[in-house]
Number of protein chains: 2
Amino acid sequence: MRERGTGRRASPTRAPLSRERVVTAAVTLADEKGEAGVTMRAIAARLGVEAMSLYNHVTGRDDILDGMVDAVFDEIDLAAPTTDWKAAMHDRAASSRTVLLRHPWAVGLMDSRSRPGPATLRHHDAVLGILRAGGFSVAGAAHAILVIDSYLYGFVLQELSLPFTSRAELDEVAEGIVRDLPADAYPHLVEVITEHARRPGYDYTDEFERGLSLILDALRPDEV
Amino acid sequence: MRERGTGRRASPTRAPLSRERVVTAAVTLADEKGEAGVTMRAIAARLGVEAMSLYNHVTGRDDILDGMVDAVFDEIDLAAPTTDWKAAMHDRAASSRTVLLRHPWAVGLMDSRSRPGPATLRHHDAVLGILRAGGFSVAGAAHAILVIDSYLYGFVLQELSLPFTSRAELDEVAEGIVRDLPADAYPHLVEVITEHARRPGYDYTDEFERGLSLILDALRPDEV
DNA sequence: ACCTGAACACCGTTCAAGT
DNA sequence: ACCTGAACACCGTTCAAGT
């Protein structure tokens with residue numbers, strides 16, 4: 001009837017569960033099998049435990065999804081505060097794209113999560129700080145972030161929806177589309193696929209950089 | 001043993017099922033209950049039929065989701081071909097945003113669909129045509145569309161993730177965030193919420209227009 | 001040709017019971 | 001305090017059977 005057994009310890013081979021371990025397992029699972037693979041039973045199995053045990057550390061599946069989004073924000077590199085806001089915004093966007101492509105489920109999860117975690121708050125606070133230090137007003141900084149993040153998330157969303165990941169696949173898919181498509185019904189689509197997307201050297205990283213530069217060059221601290 | 005009964009007709013009170021009717025029912029259901037509400041059983045119930053009957057008209061749930069995305073593209077207004085590409089791109093983006101806000105599940109569905117339907121193909125072909133007529137090269141038009149659509153989808157994605165839909169809710173949420181937040185940990189976030197987001201007249205349509213103009217003014221036919 | 005009952009292999013979550 | 005067996009109310013999909 002002792003409340004606390006002093007001599008008894010958890011077996012060292014099995015680390016105790018925690019919210020963090022549950023979220024980490026969920027992220028790994030999502031990377032491997034997609035968001036649909038993130039089930040309570042699958043997460044539990046990966047941790048050597050039953051599904052119901054997870055409810056001792058998270059409130060439910062939604063809580064896990066919130067934690068996963070926050071874990072993604074934690075992976076994004078943030079430049080140290082600096083007055084070179086343009087370089088900092090460029091590097092942050094490039095790092096964000098890399099992280100979002102590494103976790104393809106993340107961008108689709110964003111629009112359903114409304115409880116930002118500590119890493120998310122830290123991220124946004126740091127970005128605001130960089131722009132404020134660079135001379136942006138409060139409203140100007142908010143506007144700049146909204147424009148940059150819109151471009152970033154939308155670009156990755158489109159990049160992820162492409163039905164290919166390699167050059168060879170692109171060629172194959174492009175050929176299939178052009179073959180199936182009534183050329184006279186969609187003349188401009190056929191043109192862009194044959195003349196543009198299939199040309200050697202077409203590269204989404206270049207496209208991302210060009211669009212990002214276009215936006216960053218149009219933003220100025222005194223704009224608002 | 002007649003193959004075709006000539007005199008027998010379906011009761012006029014119950015229209016025959018079709019892929020289109022299934023997709024339409026799914027769109028209505030998603031608008032009302034969110035994407036998670038789009039189950040085979042719920043769609044069937046709405047059509048006065050059992051879930052298994054749907055498989056006679058669609059190949060499965062994925063086929064329905066593809067159809068839903070195509071139905072959304074069909075709702076977007078497309079300007080007639082014109083040389084005023086900038087006005088046409090503005091109006092298309094504004095119409096797209098309206099449609100995507102009307103169907104909040106659509107933007108999140110985009111990144112998982114890889115089989116574009118006829119309305120989607122028609123839409124992209126028309127947009128390409130407007131830019132080509134406006135003097136853009138094939139590569140320039142593809143680039144312009146990628147930048148504009150990235151901004152559009154990313155903006156709507158962020159707009160939809162906001163945990164409020166009215167002015168009063170915004171005030172309430174903002175107050176809650178500021179109250180819960182350790183002010184010294186996130187000074188810039190507290191600043192932007194109190195000084196910017198809560199100020200009267202803050203309007204997402206204005207923000208959208210400003211960012212869109214910034215991008216459209218930076219795009220030029222001879223840029224590529 | 002189209003619809004369906006029953007079944008299969010899953011879900012998230014609750015709850016009382018164990019230790 | 002933490003874990004779990006059984007159960008509940010769901011999923012998408014298959015298949016053989018009906019008409």
Side-chain angles (χ1 to χ4, degrees), chain A residues 1-23 25-27 29-30 32-68 105 109 112-113 115, chain B residues 1-23 25-27 29-30 32-68 105 109 112-113 115:
Chain A
M1 216 183 157
R2 304 169 290 170
E3 279 275 311
R4 331 177 179 189
T6 47
R8 298 250 303 290
R9 293 203 154 276
S11 154
T13 57
R14 183 162 142 183
L17 240 44
S18 68
R19 190 188 130 98
E20 202 198 330
R21 286 193 68 221
V22 171
V23 169
V27 166
L29 205 51
E32 287 172 10
K33 322 217 172 189
E35 197 208 321
V38 182
T39 71
M40 301 301 276
R41 286 163 167 90
I43 298 167
R46 181 173 284 270
L47 294 167
V49 105
E50 299 298 322
M52 315 81 190
S53 308
L54 303 178
Y55 289 86
N56 289 304
H57 303 93
V58 296
T59 63
R61 188 167 186 268
D62 268 350
D63 192 20
I64 296 176
L65 297 179
D66 283 336
M68 292 168 69
W105 42 268
L109 229 51
S112 56
R113 306 292 96 200
R115 280 167 206 278
Chain B
M1 214 186 160
R2 303 170 292 169
E3 279 275 311
R4 329 176 179 192
T6 48
R8 297 247 306 291
R9 293 204 154 275
S11 153
T13 58
R14 182 163 142 183
L17 240 45
S18 67
R19 189 189 131 99
E20 202 198 331
R21 287 193 68 221
V22 171
V23 169
V27 167
L29 206 51
E32 287 173 11
K33 322 218 173 190
E35 196 208 321
V38 182
T39 70
M40 301 301 276
R41 286 164 168 89
I43 299 167
R46 182 174 283 271
L47 293 167
V49 101
E50 299 298 323
M52 315 81 189
S53 307
L54 304 178
Y55 289 86
N56 289 303
H57 303 94
V58 296
T59 63
R61 189 167 185 268
D62 268 351
D63 191 22
I64 295 177
L65 297 179
D66 283 336
M68 292 167 70
W105 42 270
L109 230 51
S112 56
R113 306 292 97 201
R115 281 168 206 278

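Computation of the quantities below employed the complete heavy-atom set of this structure, encompassing side-chain atoms and omitting hydrogens, waters and symmetry-equivalent molecules.
- One can place CE of A:Met40 at 17 Å from C1' of D:dA9, the figure rounded to the nearest angstrom.
- Shown here is B:Glu20, whose CD atom has no more than 12 heavy atoms of other residues, nucleotides or ligands within 6.0 Å.
- If you check C:dG12, D:dT4, C:dT4 against the side chain of A:Tyr55, the one that comes closest is C:dG12.
- B:Arg41 contributes no side-chain N or O that, together with a main-chain N or O of B:Glu50, makes up a donor-acceptor pair within less than 3.5 Å.
- Rounded to whole Å, the distance from CG on A:Leu54 to C1' on C:dC11 is 14 Å.
- In this structure, of C:dC15, C:dT4, D:dC3, it is D:dC3 that holds the atom nearest to the side chain of A:Leu17.
- For B:Met52, whose side chain is taken as the heavy atoms from C-beta onward, the closest listed nucleotide among D:dC11, C:dG5, D:dT4 is C:dG5.
- Residues A:Arg41 and B:Arg61 both approach DNA chain D. Their nearest nucleotides, taken by heavy-atom distance, put A:Arg41 toward the 5′ side.
- Taking atom CG on A:Leu47 and atom P on D:dC3, their separation rounds to 10 Å, with Å as the unit.
- Comparing C:dC3, D:dT13, D:dT4 by their nearest atom to the side chain of A:Val49 picks out D:dT4.
- As a whole-Å value, the separation of A:Glu35 CD from C:dC11 C1' is 14 Å.
- Among the atoms of the strands shown, base atoms are found under 4.0 Å from some heavy atom of B:Ser53.
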Worked verdict on B:Asp63 versus B:Arg115 for side-chain contact (heavy atoms from CB on, under 4.5 Å): CA-CA 9 Å; B:Asp63 191 22; B:Arg115 281 168 206 278; over 6 Å; no
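- Taking atom CG on A:Asp63 and atom P on C:dG12, their separation rounds to 14 Å, with Å as the unit.
- Remark: C:dC3 base-pairs with no nucleotide; criterion is Watson-Crick or G-U wobble with both hydrogen-bond distances under 3.5 Å.
- Atom P of nucleotide C:dG12 and atom CG of A:Leu29 are separated by 11 Å, given to the nearest angstrom.
- At a threshold of 4.5 Å between non-hydrogen side-chain atoms, the residues A:Val38 and A:Trp105 do not count as touching.
- When heavy atoms are screened at a 4.0 angstrom cut-off, B:Val38 is found touching the sugar-phosphate backbone but no base atom.
- Residue B:Glu50 contributes atom CD, which lies 15 Å from atom C1' of D:dT19 at whole-angstrom precision.
- Computed from coordinates, the B:Leu65 CG to D:dC11 C1' distance equals 14 Å when rounded to whole Å.
- Distances from the side chain of B:His57 to the nucleotides D:dC2, C:dG12, C:dC3 place C:dC3 closest.
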Show your reasoning for whether side-chain contact (heavy atoms from CB on, under 4.5 Å) applies to B:Val22 and B:Leu47. CA-CA 8 Å; B:Val22 171; B:Leu47 293 167; 4.1 Å; yes
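- Here D:dC11 sits opposite no nucleotide as a Watson-Crick or G-U wobble pair (both hydrogen-bonding atom distances under 3.5 Å).
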